[in-house]
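What follows is one structure encoded as C-alpha cells, with my remarks underneath.
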Amino acid sequence: QDLRLRPGESVLEIGTGSGYLTALLASRGARVTSVEILPRLAEEAKARLARAGFRDVDLRTGDGARGFSAASFDAIVLTGSTPILPDALVAQLKPGGRLFAVVGDPPVMTARLIHYTGPGAWTTDDLFETAVDPLINAAAPARFTF
C-alpha cells in the first residue's frame, strides 16, 4: 500500500514465487512484469495467474536481483531481501517512481521505500524492521575473511 499504485502504472516484481503478490499488484490495475529465477516456480505461477484470470501479466524467467532489462518502471518490488540495494535497480525507476525492498543482513533488516525524484536523486523512508530470506544472487558487500 505504501507504493500507492495507480491504474496503468508499470511495475517490476523481482521474485514471482507463487504469484500471489503478482496478482495483488495486477489487481490494483498495474501492468506487471514479474521475474522469477526458478523456471519451475515461474511455470507454476503462470498457471495459477491464468486460472485466476490474470492474463496481462508479463511473467519472465530470469535473474532480476541486480536489475532486469533496459526498461524503466513506475514501481519496483523485491519479494526477497538484499544485503545492499543495487544502483541498477534504482536506475530503472521513472521519475516519481517508487521501489520497495527489504535491505540488510539478519537479524537487522529494514523494509525500505525509495522515491526516485530525478537523475541521481531520491528519498528513502525506512518503514519497519523485519527478516526476509534473500533473493538468489542478491548483491552483497565484500566480507572480511581470515
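Computed from a prediction, not measured in an experiment: that's the story for all the values here. Numbers here simply count residues along the sequence, with the first being 1.
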Report whether [X] and [Y] are members of the same hydrophobic cluster (ILVMFWY, side-chain heavy atoms less than 4.5 Å apart, transitive linking).
X: Leu127; Y: Val11; answer: yes
X: Ile84; Y: Leu135; answer: no
X: Leu99; Y: Val35; answer: yes

Does the side chain of [Y] come within less than 4.5 Å of [X]'s, by heavy atoms?
X: Leu113; Y: Leu3; value: yes
X: Leu38; Y: Arg40; value: no
X: Phe73; Y: Thr33; value: yes
X: Asp2; Y: Phe100; value: no
X: Thr130; Y: Thr110; value: no

(message) Can you confirm whether Asp125 is buried at CG, in the sense that more than 12 heavy atoms of other residues, nucleotides or ligands lie under 6.0 Å from that atom?
(response) yes

(message) Would you say that more than 12 heavy atoms from the other residues, nucleotides or ligands in this model lie under 6.0 Å from the CG of Asp126, or not?
(response) yes

Please report the closest heavy-atom contact between [X] and [Y], naming both atoms and the distance.
X: Ala101; Y: Leu85; result: CB-CD1, 4.0 Å
X: Val90; Y: Trp122; result: CG1-CE3, 3.9 Å
X: Arg66; Y: Ala139; result: NH2-CA, 3.6 Å
X: Leu5; Y: Ala75; result: CD2-CB, 3.7 Å
X: Leu89; Y: Ala65; result: CD1-O, 3.7 Å
X: Pro83; Y: Arg143; result: CB-NH2, 4.1 Å

Distance in Å, [X] [atom1] paired with [Y] [atom2], rounded so as to fall on 0.5 Å steps:
X: Leu59; Y: Thr61; atom1: CG; atom2: OG1; answer: 6.5 Å
X: Lys46; Y: Leu41; atom1: NZ; atom2: CG; answer: 14.5 Å
X: Arg28; Y: Gln1; atom1: CZ; atom2: CD; answer: 9.0 Å
X: Glu44; Y: Ser18; atom1: CD; atom2: OG; answer: 9.5 Å
X: Ile136; Y: Ile37; atom1: CD1; atom2: CD1; answer: 5.0 Å
X: Phe54; Y: Ser34; atom1: CZ; atom2: OG; answer: 12.5 Å

(request) Look at Asp74 together with Arg4 and state whether they make a salt bridge at an N to O cut-off of under 4.0 Å. (result) no

Output yes when a side-chain donor or acceptor of [X] lies under 3.5 Å from a complementary backbone atom of [Y], and no otherwise.
X: Ser81; Y: Val132; value: yes
X: Glu9; Y: Arg6; value: yes
X: Arg112; Y: Val102; value: no
X: Arg98; Y: Ile114; value: no
X: Ser69; Y: Ala71; value: yes
X: Gln92; Y: Ala70; value: no
X: Thr16; Y: Ala42; value: no
X: Thr82; Y: Val103; value: no

(request) Could you please spell out the steps behind the side chain to side chain contact (heavy atoms under 4.5 Å, CB included) verdict for Val77 and Ile14? (result) CA-CA 6 Å; Val77 177; Ile14 306 297; over 6 Å; no

(request) Would you please say whether a donor-acceptor pair under 3.5 Å links the side chains of Thr22 and Glu13? (result) yes

